[in-house]
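First listed ligand is number 1; within each ligand, the first listed atom is number 1.
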Amino acid sequence: MNLKQFYKKDYSTRLSLLSTQLNLTSDELTLIANQRSQQGDAIIENYLMDYSVPEGIAVNFLINGQEKIMPMVTEEPSVIAAASNGAKMMHMGKGILVQTTPRLMMGQVLLANVSNSSKLSAQLTQNEAQILRVANEAHPSIVKRGGGAKKIRVRQLDNQFVSLDVYIDTKEAMGANMINTMLEAVANYLHIELGQSSLMAILSNLADECVATATCRIPFERLTSRTLDGKQVAQQIVLASQAAQVDPYRAATHNKGIMNGVDAVVLASGNDWRSIESAAHAYAVKDGQYRGLSQWKIQENDLVGSLTLPLPVGFVGGSIKINSQAQLNHKLLQVGSAAQLEEAIVSVGLAQNLAALKALVTEGIQRGHMHLQAKSLLLGVGATQAELESAQKELEMAPQMDEQTAIRILKRIRTRRN
Ligand code: NDP
């Protein structure tokens, strides 16, 4: 394929290059045209079209005494239903209580091939005031907003690496770009003043000084299932929580369930979900073993849950300003700051986790998934909206729920109709 200097071409030239070389049909070109937006070209390089993911609303949240809804962007069936279900169980009493730490992001100037790491570490520590000054002078506007570089930490990683960690208050922004600007200035300063060159200067996504904790307390009677009483369900959930503490294989899936909710709200809020994913998983292994991020225990007649997550999200910055849907979602979330956004996100993570664990230790996860799974399968094999209702009923009752069965059911319905 010849796409030389693709990035230099204008939109229509790029499209016609693709069209000729990949034989795009007129239907495919119409699809691209319909999905093209004004903003795309301004946000990313080599823009082609918007790729849409459904957004829905999870309900029943009571967070720090305030009723909330959650706009969630996800392609996975059952995520929103599970979040609403988890939030409903947690709604009693005080609902979900959330605490956030003061928000400090961390960036590192990584120094390599260090000949005397103890000496260098001491020099860096002695130079803290100058390092903070250099960082702040590189981005004075954040200092004017009351933020900026606040402290440093020096870590000798091994014989050849020293990490200079700079902690920065980025106020309402996630801060990647401002942190990187400040760190590059610090790296330059170290080169000139200490003769120490750096390998790289960039923020760390392990934002363990920007953390939110959600807790909840659920009376046993709210947990009753078809076959178990509430206390039994609570005991099973506690066991599931313990399993995720001791087995990384289980912990990975436990945490994936949490991130089903977290990512969906992060995405809806216009934030960088990759940074939240990497922060969460790095945090899950902070003591050397990968563990479940949430924990559940029994206290008196209640199931008590807690979830702590690093949540370096922004209320401003990145593409939020030009993404009107992200701004609308901030309104739906009723948040006016990055800290309030953290509160919403960690709450949805805990709700999602509760719903998943309850389903897993009672009726199994598939039962809840079946309804939407049937719908997805049928739409995937070409069912129309008119055919959907009856086809879905038949597919849910079929001994197997798979693509072949969906095709057979659809054929049967169409024959009956004709
Ligand atoms: P921006 O570069 O957009 O910076 C934030 C902007 O918001 C600044 O221009 C700042 O203005 C403005 N602002 C307005 N009000 C406030 C306020 N109250 N507090 C703070 N800032 C305010 O975004 P970020 O620096 O937050 O960077 C986020 C982006 O970086 C994300 O899109 C992410 O994908 C990307 N990124 C992520 C990386 C990673 O995770 N490893 C690496 C590199 C990039 P002013 O300048 O006047 O202060």
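- Annotation for Gln99: atom CD does not count as buried by contact number, only 12 or fewer foreign heavy atoms lying within 6.0 Å.
- Few gaps surround NZ on Lys9; more than 12 heavy atoms of other groups in view lie less than 6.0 Å from it.
- Counted within 6.0 Å of CG on Asp287, heavy atoms from surrounding residues, nucleotides or ligands total more than 12; the atom is thus considered enclosed.
- Residues lining ligand 1 at a heavy-atom distance below 4.0 Å are given as His139, Ser141, Ile142, Arg145, Thr170, Lys171, Glu172, Ala173, Met174, Gly175, Ala176, Asn177, Met178, Asn180, Leu203, Asn205, Asp272, Ser275, Val316, Gly317, Gly318, ordered by chain and residue number.
- Under 3.5 Å, the side chains of Asn205 and Glu277 contain no donor-acceptor pair of N or O atoms.
- Nearest heavy-atom pair, Asn85 versus Ala355, reported as atom, atom and distance to 0.1 Å: ND2-CB, 4.4 Å.
- Between Tyr290 and His281, the ring planes lie parallel to each other; the angle is under 30°, not in the 30° to 60° tilted range.
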